[in-house]
Amino acid sequence: MELLRNAWLGWATYIQQGKLVILLPVALLLFLFYKKDEMIKTWTWYATIMTIACICPVTAAVLMRYQTAFYGYSHLWSGVPATAMIACGITFVLWHVWTGREEKSKTYAVGVTVLLGMILLLCGSLGVPAAEQNGTSDVYQLQEQEKLETAIDTVEKLRVICGEEAEIVLWAPTEIVTVARVADSSIVLLYGRNMWDKSLNAYAYDVYAPEVEFLYRCMRDWEQSEDAPQEEKISPETLVGMARENGVNCILLPKSMERMTVARMARSMGIRAQKLEAYWLLYE
């Protein structure tokens, strides 16, 4: 049902950005029932089948499943020669009206040409900019930019504290993981964005170890509350041991975490926790 809903919403969004695709069925009908050239008809049948498959929610959902979640609905239309079919249809119509031998054919041809030009202009300019669809989009983008800059600044300060030549294997909250490699490409991450964004795993068969996935869930829950997952309660010392077994030597924890938990994790590493922006830093 989710695939079907995404396919239907994908089509609705696709035509909101421009109505030029509406001319495709017109071109297909023109070539299917008027033009008799066999090569043209073979190409037309292919375009017709693919167009129906992309518009129909059931077949579109199957195609989206086949191409994996790494690609969106709009990528389905890369298999449809929409631009070429529309261009051929317009060219065929213009050729037909301009080669007429009637006395008034030129006036008629000029009128049809102007009409087609107006249709093209209107169909290609009906998209609604995102900023107009959502009046708060600028504020939202500003907030996201500020969060990004804060996270990058934290990573840069982390590098200064640890040393320029230090090898850092980092276990951190999602906002830090997202930008850590952007700010410092030498940092090694316990897991990347593909841990929570499964679409980034398209055509990849490597998976994370269960312990790494558990550590991610713990960090995610710490970002939302002060405790580790209740369904699998585990001591802070054990969590540190699991992280160190996977090569981690640097941990960033949300500052909202319970101080006792942070202290126990630091003690198990033989260090004292340091404050770094909105995080606790544990580095050995």
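The main-chain N or O of Glu167 is found under 3.5 Å from a side-chain atom of Asn249 such that the two form a donor-acceptor pair. Asp184 contributes no side-chain N or O that, together with a main-chain N or O of Ala180, makes up a donor-acceptor pair within less than 3.5 Å. Looking at Thr238, its side chain never comes within 3.5 Å of a backbone N or O of Ile234 through a donor-acceptor pair. Ser185 contributes no side-chain N or O that, together with a main-chain N or O of Arg181, makes up a donor-acceptor pair within less than 3.5 Å. Thr59 places a side-chain N or O within 3.5 Å of a backbone atom of Ala53 that can act as its donor or acceptor partner. A side-chain donor-acceptor contact under 3.5 Å links Glu223 to the backbone of Thr174. Judged by distance alone, the side chain of Arg272 and the main-chain N or O of Arg267 form no donor-acceptor pair under 3.5 Å. For the pair Lys157 (side chain) and Leu276 (backbone), a donor-acceptor distance under 3.5 Å is absent.
Hydrophobic cluster membership differs between Ile52 and Leu28, with clusters built from Ile, Leu, Val, Met, Phe, Trp and Tyr side chains linked at under 4.5 angstrom. Under the 4.5 Å side-chain contact rule for hydrophobic residues, Val26 and Val97 do not share a cluster. Transitive grouping of hydrophobic side chains (ILVMFWY, heavy atoms separated by less than 4.5 Å) keeps Ile49 and Val80 in distinct clusters. Both Leu120 and Leu116 are members of a single hydrophobic cluster when ILVMFWY side chains are connected at heavy-atom separations under 4.5 Å. Hydrophobic clustering, with ILVMFWY side chains joined whenever heavy atoms are under 4.5 angstrom apart, groups Val240 together with Val188.
Residues Ala273 and Trp280 share a closest heavy-atom pair of CB-CE3, 3.9 Å. The two residues Arg159 and Ala166 make their nearest non-hydrogen contact at NH1-O, 2.7 Å. The minimum heavy-atom distance linking Val155 with Ala183 is given by the pair CG1-CB, 3.7 Å. For Tyr283 against Cys250, the heavy-atom pair with the smallest separation is CD1-CB, 3.7 Å. Nearest heavy atom pair, residue Pro81 against residue Gly79, reads CD-O, 3.8 Å. Of all heavy-atom pairs spanning Leu76 and Ala60, the tightest one is CD1-O, 3.8 Å.
Annotation: side chain of Val169 is not in contact with side chain of Leu190 (no heavy-atom distance under 4.5 Å). In this structure, Lys275 and Lys255 have side chains that are in contact, with non-hydrogen atoms separated by less than 4.5 Å. Residues Phe31 and Trp43 are not in side-chain contact: their nearest non-hydrogen atoms beyond the backbone lie 4.5 Å or more apart. A 4.5 Å side-chain heavy-atom check between Trp45 and Leu32 finds at least one atom pair inside the cut-off. Contact check for Pro173 versus Leu253: no side-chain heavy atoms found under the 4.5 Å cut-off. With a 4.5 Å cut-off on side-chain heavy atoms, Leu30 and Val93 count as touching. Using a 4.5 Å heavy-atom threshold, the side chains of Leu239 and Ser235 count as separate. For the pair Trp77 and Thr51, the minimum side-chain heavy-atom distance is below 4.5 Å.
Salt bridge annotation for Glu284-Arg244: present, with a cationic side-chain nitrogen under 4.0 angstrom from a carboxylate oxygen. Salt bridge present: Arg264 and Glu237 bring a charged side-chain N and a carboxylate O closer than 4.0 Å.
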Practice item. Any chance you could lay out the side chain to side chain contact (heavy atoms under 4.5 Å, CB included) test for Tyr108 and Val112, step after step, and finish with the verdict? Key: CA-CA 6 Å; Tyr108 174 73; Val112 172; 3.8 Å; yes

Check your understanding: Between Thr113 and Trp98, is a side chain to side chain donor-acceptor pair (under 3.5 Å) present by the stated rule, with each step listed?
Key -> CA-CA 9 Å; Thr113 303; Trp98 277 98; 2.9 Å; yes

Practice item. Let me see the working for Tyr279 and Glu175 under side chain to side chain donor-acceptor pair (under 3.5 Å), right down to the final yes or no. Key: CA-CA 12 Å; Tyr279 306 94; Glu175 64 268 16; 2.7 Å; yes

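To the nearest 0.5 Å, the span separating CD1 on Ile86 from CD1 on Ile22 amounts to 9.5 Å. Note that CG of Leu282 and CG of Leu252 are 8.0 Å apart. Values are rounded to the nearest 0.5 Å. Atom CE in Met219 sits 10.0 Å away from atom CD1 in Ile176 (nearest 0.5 Å). Atom CD of Glu156 and atom CD of Glu149 lie 10.5 Å apart (nearest 0.5 Å). Rounding to the nearest 0.5 Å gives a distance of 8.5 Å between CD1 of Ile251 and CG of Leu215. For the atom pair CD (Glu213) and OH (Tyr208), the distance works out to 9.5 Å, reported to the nearest 0.5 Å.
Annotation: Trp196, atom CH2; neighbour count of heavy atoms from other residues, nucleotides and ligands within 6.0 Å is above 12.
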